[in-house]
Amino acid sequence: MSFHTFASVRESQAVPEEVVTRFAPSPTGYLHVGGGRTALFNWLWARRTGGRFILRIEDTDQKRNTPTAAQQVMTDLRWLGIDWDEGPDVGGPNGPYCQSERRDLYDRHIRQLLDEGKAYYCFETSEDLDAMRQEAETRKTGFVFRRPEQFPSEQDAQKARAEGRPVTVRFAIPQDGPIVVNDLVRGQISFNPAELADFIILKSDGFPTYNFACVVDDRLMEVTHVLRGQEHLMNTPGQQALWQAMFPDAPLPKYAHMSVTVSDSGGKLSKRERPKALRTAIQALPDLDTAILAQVGGISEEEVQTFLAGESVPDMPAIDAIAKHIGVHLPEINIVDFCKSGYLPETLVNFLALLGWNPGDQREVMRAEELIESFDLARLTKSNSLFDRQKLIAFNTEYLRMLPGEKVLGHLKAYLTEVQSPLLKADDETLLRIIRLCEGARTLEDIDNKSRFLFVEDDKIEFDEKAVKKVLLKAGALDVLQVVRDRLARMDEYTEQALEEMLRGLAEEKQVGLGKVAQPLRVALCGTTISLSIFDSVNLLGKERTLARIDAALERFRNQVQSE
RNA sequence: GGCCCCAUCGUCUAGGCAGGUCUAGGACACCGGGUUUUCAACCCGGCGACAGGGGUUCGAAUCCCCUUGGGGCUACCA
């Protein structure tokens, strides 16, 4: 693996004939939708142009990184179907692809900047800086770090280090005229350098900052196009100035700042929404038992308390577990959340692509190949877009309908594993059959909900209180059920067709709608009012188990009817 | 507060850069009806937008300015 030196980089005349894009997440947790969209757009552009797509891990913040997060991000990207040509796991010519492993590279560039007088040492502590900001605020002026008349010397830096004071390096933003960013989405944007702070490029822990490392890496990794969210727009003049200070002969990468995806609750979609929604849901609970919540979440009761007070946030598994326990649906934010809610990756890719981009005609449902074919930077949208979950569901319904059964089967199995459904016990053939019977389902969760009763032990059926009350305990319901039981027992031919004839015949005899017959039966078999068509339900369960469940329900609820 | 971005139905958007063909098109949602064994799905119909004000022009959703509104950034986070 050969590293570019500062000098060699300068000499090389980079002519980017090939498009190179990158996705550069910081490994702080799960990949969230916003990140997924950014990754997708960069990937689409690389694939569209036949260029390269790089995955780079921006792990320069030691406090925030978690060891498994990079792996998790890669898993989430793969689930979406996004692959990369260069990255930490697959390597590549311009690696390594984790910034924490590139420190000598950054050091070299910092050294050069320092030597050329384009950057300078700083010894303020965080507290000093905070105080300065405070003061600026009371004066109601914007805070811009004031550059010293004379840059501290190498000796000053050594002395400061010896005294145990923090030493950072700041980039001196050139003040010789406005910095003009030529954005592919927004056109020319001009910034006054006097209003841009000399930002820190080397932290006191020896790690570079994002704003610096990203510029060095984009250059060394030959990145030609930077597609990212609008939240990075204000970083761009600084990064651009840095680039020109370090690589004056290399053309700048092309920047495209995409619109932000906002949440229906206001600002941009944030990871905090899930815990926030859970907190609200818990607080609305009629009877609050923090001990139980702590137990299901696998956390201490104290953690629950501080969480409810808004002082802390438990980790995701705890949040998921508690939400599941109290039965609230949390808004999906991370890519895995969508997976766990039964969405298909195809749906998400399609939907995300349409957030801030469109093909220019009236197509909406588009597979990845089609997206690649049609993708074009010129059609990126300027205004923010709201993440519309209803439309997402509509898209998922569409994909569930149009994807071949085999494909759905693969996704369904992954989903069932994720949520540990009893349906996992079914073989592929049965699953495929169930998928066919669930035409019109909106999510994989729907499929699971409608058919998991088939694989729950007969005596482990959970009866939904409302369903029981509304259906089973209604006058005459159990009597009908008894008749159904008797006729079922006498059937020698137990086929879907015969079942339908029998049940319809019975309804006709009794002069009632089929619902009066089907619903009590359904609740007896499934515990809920939601299942496959009643004929399919009875048929798939099999005669023996059907009879057993009816008998159990009869026995259990007869008493209740009487006692009420 | 400062800097920056944005502005078409409730939502995502087409149209805008090259002004007339826009009584503004599509999709999702919603409303009404149909189908119906649950949940869905499905079918038919309907409601619904150029933020406001000034210009420029024969003519503005489209170009310019202002106002208003929304968003982003303002860290030794990325």
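Atom set for the values below is all heavy atoms of this structure, side chains included, hydrogens, waters and symmetry mates excluded. Naming convention: chains lettered A, B, ... in sequence-line order (proteins, then strands); numbering from 1 in each chain.
With RNA chain B read from its 5' end, the first of the two nearest nucleotides for A/Ala518 and A/Gln390 is the one closest to A/Gln390. Between A/Leu354 and A/Asp446, the residue whose closest nucleotide on RNA chain B is further toward the 5' end is A/Leu354.
Partner of A/Asp198 under the side-chain contact (heavy atoms from CB on, under 4.5 Å) criterion, chosen from A/Val169, A/Val144, A/Ile173: A/Ile173. When A/Tyr415, A/Phe387, A/Tyr30 are each tested for a ring pair (Phe, Tyr, Trp, His ring centres under 6.0 Å) with A/Phe338, only one passes: A/Phe387.
Residue-level contact check: A/Ser385 touches the backbone only, with heavy atoms under 4.0 Å from sugar-phosphate atoms and none from bases. A/Pro25 comes within 4.0 angstrom of no nucleic acid atom, judged by non-hydrogen atoms across all strands. Within the nucleic acid shown, A/Glu58 comes within 4.0 Å of sugar-phosphate atoms alone, with no base atom in reach, counting heavy atoms only. Among the protein residues, A/Leu386 comes within range of the sugar-phosphate backbone only, with heavy atoms under 4.0 Å from sugar or phosphate atoms but none that close to a base. Within the 4.0 angstrom heavy-atom criterion, only backbone atoms of the sugar-phosphate kind lie near A/Glu195; the bases stay farther away. Using a 4.0 Å heavy-atom criterion, one finds that A/Glu364 contacts the bases of the nucleic acid, with or without backbone contacts as well. At a threshold of 4.0 angstrom between heavy atoms, the contacts of A/Arg186 are confined to the sugar-phosphate backbone, with no base atom among them. Counting any heavy atom pair closer than 4.0 Å across all strands shown, A/Arg379 reaches sugar-phosphate atoms only and no base atom. The residue A/Thr125 sits close to a base: some heavy atom pair falls under 4.0 Å. Backbone-only engagement by A/Ser383 is indicated by non-hydrogen atom pairs under 4.0 Å involving sugar-phosphate atoms exclusively. Residue contacts shown for A/Glu124 include a base, since a base heavy atom lies under 4.0 Å away. Using a 4.0 Å heavy-atom criterion, one finds that A/Gln362 contacts the bases of the nucleic acid, with or without backbone contacts as well. A/Gly29 comes within 4.0 angstrom of no nucleic acid atom, judged by non-hydrogen atoms across all strands.
Atom NZ of A/Lys391 is separated from atom C1' of B/C9 by 12 Å (rounded to the nearest Å). In this entry the distance linking NZ of A/Lys474 with P of B/U38 reads 14 Å, nearest Å. Nucleotide B/U11 holds its P atom 17 Å from the CG atom of A/Asn358, rounded to whole Å. Whole-Å rounding puts the A/Asn384 CG to B/G69 P distance at 17 Å. Between A/His257 atom NE2 and B/G72 atom P there is a gap of 15 Å when expressed in whole angstrom units. In this structure, A/Phe535 places its CZ atom 8 Å from P of B/U37, rounding to the nearest Å. Straight-line distance from the CZ atom of A/Phe145 to the C1' atom of B/C3: 20 Å, rounded to whole Å. Following rounding to the nearest Å, A/Glu508 (CD) and B/U37 (C1') show an atom-to-atom distance of 15 Å.
B/G33 and B/C6 have their P atoms separated by 45 Å, given to the nearest Å. The same atom, P, is picked in B/G20 and in B/C4; the two are 32 Å apart, to the nearest Å. Using P as the reference atom, B/A41 and B/A29 are 8 Å apart when rounded to the nearest Å. As rounded to the nearest Å, B/U8 and B/G70 have P atoms that lie 14 Å from one another. B/G15 and B/G26 have their C1' atoms separated by 12 Å, given to the nearest Å. Comparing B/G32 with B/G53, their C1' atoms sit 39 Å apart, to the nearest whole Å. Remark: the separation of the P atoms in B/C9 and B/C5 is 22 Å, to the nearest Å.
A perpendicular orientation is assigned to the rings of A/Phe145 and A/Phe143, their planes being inclined by more than 60° (bins at 30° and 60°). Below 30°, between 30° and 60°, or above 60°: for A/Phe151 and A/Tyr120 the angle between ring planes is below 30°, a parallel geometry.
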**Item:** From CA spacing to verdict: ring-ring contact (aromatic ring centres under 6.0 Å, His included), A/Tyr343, A/Phe351
**Value:** CA-CA 11 Å; A/Tyr343 290 95; A/Phe351 188 73; 9.0 Å; no
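Using N1 to N3 plus N6-O4 or O6-N4 for Watson-Crick, or N1-O2 and O6-N3 for G-U wobble, each under 3.5 Å, B/G1 pairs with B/U74.
Phosphate proximity of B/A75 to A/Lys203: absent, as no side-chain N or O sits under 4.0 Å from OP1 or OP2. Distances shown here put every side-chain N or O of A/Arg436 at or beyond 4.0 Å from the OP1 or OP2 atom of B/A41. The side chain of A/Arg442 places an N or O atom within less than 4.0 Å of a non-bridging phosphate oxygen (OP1 or OP2) of B/A41. When the side-chain nitrogen and oxygen atoms of A/Lys268 are compared with OP1 and OP2 of B/C73, one or more of them lie within a distance under 4.0 Å. In this structure, A/Thr60 reaches the B/A78 phosphate: one of its side-chain N or O atoms is under 4.0 Å from OP1 or OP2. Regarding contacts with the backbone of B/A78, every side-chain N or O of A/Arg64 stays at 4.0 angstrom or more from both OP1 and OP2. An OP1 or OP2 oxygen of B/C77 is reached within less than 4.0 angstrom by no side-chain nitrogen or oxygen of A/Lys271. Distances shown here put a side-chain N or O of A/Arg401 below 4.0 Å from the OP1 or OP2 atom of B/C42. In this structure, A/Arg165 does not reach the B/C76 phosphate: none of its side-chain N or O atoms is under 4.0 Å from OP1 or OP2.
In this structure, CZ on A/Arg549 lies 11.5 Å from CG on A/Leu521, to the nearest 0.5 angstrom. Taking CD of A/Glu445 as the reference point, atom CZ of A/Arg452 lies at 9.0 Å (rounded to 0.5 Å). With values rounded to the nearest 0.5 angstrom, A/Met502 atom CE is found 4.5 Å from A/Leu488 atom CG.
Considering only the side chain of A/Ser533, B/U38 comes nearest among B/U38, B/C4, B/C76. Comparing atom distances between the A/Ile530 side chain and each of B/C39, B/U37, B/G72 picks out B/C39 as nearest. Between B/C4, B/G71, B/A78, one nucleotide has an atom nearer to the side chain of A/His232 than all others, and that is B/A78. Of the candidates B/C77, B/C5, B/C76, the closest approach to any side-chain atom of A/Asp61 belongs to B/C77.
Side chain of A/Ser537 to main chain of A/Leu532: a donor-acceptor pair is present (N/O by atom type, distance under 3.5 Å, no hydrogens or angles).
Below the 3.5 angstrom threshold, one finds no donor paired with an acceptor across the side chain of A/Lys382 and the base of B/C6. Residue-to-nucleotide contacts include a donor-acceptor pair under 3.5 Å from the side chain of A/Asn235 to the base of B/A78.
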